[in-house]
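Proteins get letters first, then strands, A, B, ... in listed order; numbering begins at 1 in each. As a basis for the values below, the full set of heavy atoms in this structure was taken, side chains included, without hydrogen atoms, waters or symmetry mates. Just so it is clear, the model here is predicted, and its values are computed rather than measured.
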There are 2 protein chains.
Amino acid sequence: MTVTIYDVAREANVSMATVSRVVNGNQNVKPSTRKKVLEVIERLEYRPNAVARGLASKKTTTVGVIIPDISNNIYAEAARGIEDIATMYRYNIILANSDQNEEKELSLLDTMYGKQVDGIVMMSDAVTEKLHKSMEHSPVPIVLAGSVDDTNQFPSVNIDYFQASYEAMQLLINNGHTRIAFLSGPLNYTINSKFKLEAYKKALQDANIELDERLIISEDGSYDSGLEAWETLRELEAPPTAFFAGSDELAIGIIHGVQDDGKKVPDDVEVISFENSKLARMVRPRLTSVVFPLYDIGAVAMRLLTKIMNKEDNVKDKNVIIPHRIETRQSVKL
Amino acid sequence: MTVTIYDVAREANVSMATVSRVVNGNQNVKPSTRKKVLEVIERLEYRPNAVARGLASKKTTTVGVIIPDISNNIYAEAARGIEDIATMYRYNIILANSDQNEEKELSLLDTMYGKQVDGIVMMSDAVTEKLHKSMEHSPVPIVLAGSVDDTNQFPSVNIDYFQASYEAMQLLINNGHTRIAFLSGPLNYTINSKFKLEAYKKALQDANIELDERLIISEDGSYDSGLEAWETLRELEAPPTAFFAGSDELAIGIIHGVQDDGKKVPDDVEVISFENSKLARMVRPRLTSVVFPLYDIGAVAMRLLTKIMNKEDNVKDKNVIIPHRIETRQSVKL
DNA sequence: TTGAAAGCGCTAACAG
DNA sequence: CTGTTAGCGCTTTCAA
């Protein structure tokens with residue numbers, strides 16, 4: 001039924017090895033032979049079977065991508081970066097959502113191993129011990145994208161979350177605020193607990209501002225939790241006058257909460273976000289935000305993975321930190 | 001190096017056929033044998049090679065998903081629906097972005113065929129003739145998700161775009177508007193030109209409102225083009241008092257354009273959108289919007305594909321239309 | 001209930 | 001420059 005390399009060989013009066021050579025661009029083929037084979041390939045509409053090829057060569061030219069949730073803009077952006085570079089290097093991508101659930105992550109890793117992917121890009125907000133162990137035993141290279149593993153044992157691509165957060169806090173502190181709220185997603189996510197929150201505390205401490213635990217709110221990171229955060233915090237005897245929000249959605253939630261309350265941003269309350277997705281410009285006032293370059297992180301992670309898969313030995317830095325910056329708009333006064 | 005079915009067979013003193021049977025849950029295995037094999041599998045950490053399996057069985061349990069752009073929320077949502085159902089039926093997904101570029105779509109289809117996927121879910125805003133032809137010759141079933149092919153020749157899942165758009169327009173018309181602008185993405189996208197725009201015209205005609213071509217704007221569908229649309233239209237001697245926007249981003253762009261201009265929504269200008277993503281609630285006033293249930297469309301499309309792949313003959317309706325509705329919020333007066 | 005054996009379609013030595 | 005020949009790891013008859 002389907003045309004195989006064997007059919008082409010027969011029609012072209014050559015061996016299947018020769019056909020294989022022309023298909024794989026091997027130079028050791030006489031031009032005239034190549035031409036003949038190419039013609040037959042075209043005529044028969046021969047299309048190499050990647051599965052058979054994968055079995056024989058032990059290379060599938062596909063990489064696994066495990067992310068928490070593709071419908072979340074932040075991960076989708078990273079996925080796009082990953083896919084673009086993968087395409088550039090002729091890899092395909094098997095994409096799967098983990099919902100940040102350890103069991104799913106583990107099972108997905110197993111699935112990827114079974115599918116014989118050539119490598120894996122993993123995004124996980126919490127690299128648990130079990131995850132770590134499975135990754136250690138991986139038959140193929142894995143690189144972490146926008147995800148932190150305490151041991152720094154796996155190749156990874158990130159920004160300096162602590163420093164970026166610290167700078168965001170400084171902006172607020174320099175504007176004279178002493179009541180600054182911290183709002184983030186789950187604190188069992190490494191980046192939230194070990195970097196954003198720690199930077200928040202350190203910045204406060206360095207400025208001799210007393211820490212008020214009530215100003216630290218960790219929910220699911222959604223727009224609604226931003227909205228609710230203001231609801232809660234406004235009841236304090238001294239409500240916060242500034243917010244360090246872990247994501248754009250959160251920041252917009254706060255802004256709308258404040259505005260629905262008849263107050264003004266940034267006049268009454270200033271807000272800085274950590275993400276800078278396209279949402280940042282789609283709110284009034286527009287968000288001042290730490291730029292979390294997800295697309296780049298995904299792209300660089302995938303590029304790093306190709307290098308490792310190719311066993312290029314010039315892979316010096318396996319733990320890449322890409323630069324960050326703060327995009328200044330109107331939700332924080334200048 | 002890697003453990004194969006053969007290693008397991010040897011260790012368990014059975015033939016590889018038997019191991020294959022237990023791995024595949026074949027019932028024709030004596031329980032005691034099954035137990036013995038299972039133990040060896042566990043001990044050796046045997047993991048079936050899906051590539052070899054795919055070659056032998058001619059089934060890869062993976063489906064191809066071709067979408068315009070995963071970083072676009074609308075497609076990401078659909079992708080999530082597709083993946084969830086795929087996971088449920090134990091399929092994996094090879095995801096690729098086409099950027100709505102015909103050449104890429106064609107080449108991606110070829111890639112998918114080559115990878116021996118068991119089926120394909122395709123999202124394309126413009127099923128061109130070439131695309132159509134390639135799909136016709138596909139060795140595996142293809143279902144269109146949120147995409148229209150004029151011939152209705154391929155299984156598909158959609159909503160009734162025309163009717164939904166017509167209802168949106170009626171809402172505006174019933175509110176007394178006679179200057180209603182139409183704003184959408186590219187008009188070479190079938191849904192925009194053949195359904196949204198046609199419904200716009202028909203609704204106007206049915207209400208005896210004269211069509212003003214200057215009120216029809218088709219750009220790239222971005223937030224900025226929404227912003228700019230207002231810039232342009234406000235200069236008219238009779239600016240529009242209502243907008244039918246093809247997407248949430250567009251609608252928010254318009255709203256901000258109007259507001260930045262010192263006018264009010266919905267008092268001065270009413271806006272209805274066609275999407276209802278989570279953005280719809282993240283703007284003030286919140287968007288009244290036709291609900292375009294992308295997640296469901298993806299999920300139903302994938303479910304339909306599993307049925308076709310399994311050759312279930314109860315697949316009556318290959319062109320599924322799922323219900324739509326309008327979510328009423330504040331950007332349109334009641 | 002189990003095993004033997006023939007592929008699946010291709011790559012990759014190796015020989016010529 | 002080209003052909004021969006083993007596999008790659010598994011599924012799937014066919015027999016027993």
| request: Please give the angle, rounded to 10 degrees, between the axes at the start and the end of the helix from C:dT1-D:dA16 to C:dG16-D:dC1, where five pairs define each axis. | output: 30°
| Salt bridge B:Arg43-B:Glu11, side-chain N to carboxylate O under 4.0 Å | yes
| field | Check ion pair A:Arg80-B:Asp99 (N to O, under 4.0 angstrom) | value | yes
| task | Kindly write out the residues that satisfy side chain to side chain contact (heavy atoms under 4.5 Å, CB included) with A:Ala17, not counting sequence neighbours, or none if the list is empty. | result | A:Ser15, A:Arg21
| query | Heavy atom of residues 26-38 of chain A under 4.0 Å from DNA chain C: which residues? | reply | none
| task | Would you mind listing every ring-ring contact (aromatic ring centres under 6.0 Å, His included) that reaches into residues 120-151 of chain B, with sequence neighbours excluded? | result | B:His132-B:Phe154
| message | What I'd like to find out is whether the side chain of B:Tyr295 reaches to under 4.5 Å of the side chain of B:Pro293, using heavy atoms alone. | response | no
| message | Does this structure show an ion pair linking A:Glu129 with A:Lys133, if we count only N-O contacts that are shorter than 4.0 Å? | response | no
| Which residues satisfy the side chain to side chain donor-acceptor pair (under 3.5 Å) test with A:Asn49, sequence neighbours excluded? | none
| task | Please determine if a side-chain N or O atom of A:Thr18 lies less than 4.0 Å away from the OP1 or OP2 oxygen of D:dG3. | result | yes
| task | Going by the side chain to side chain contact (heavy atoms under 4.5 Å, CB included) test, name the single residue among B:Val29, B:Val8, B:Leu38, B:Thr33 that passes it with B:Val19. | result | B:Val8
| Pair A:Asn152, A:Ser156: side-chain N/O donor-acceptor within cut-off below 3.5 Å | no
| Between B:Asn310 and B:Tyr89, is any side-chain donor less than 3.5 angstrom from a side-chain acceptor? | no
| query | Reading nucleotides 6-16 of chain D from the 5' end, what letters show protein touch, with B for base, S for backbone sugar-phosphate only, - for no heavy atom under 4.0 Å? | reply | -BBBBBB----
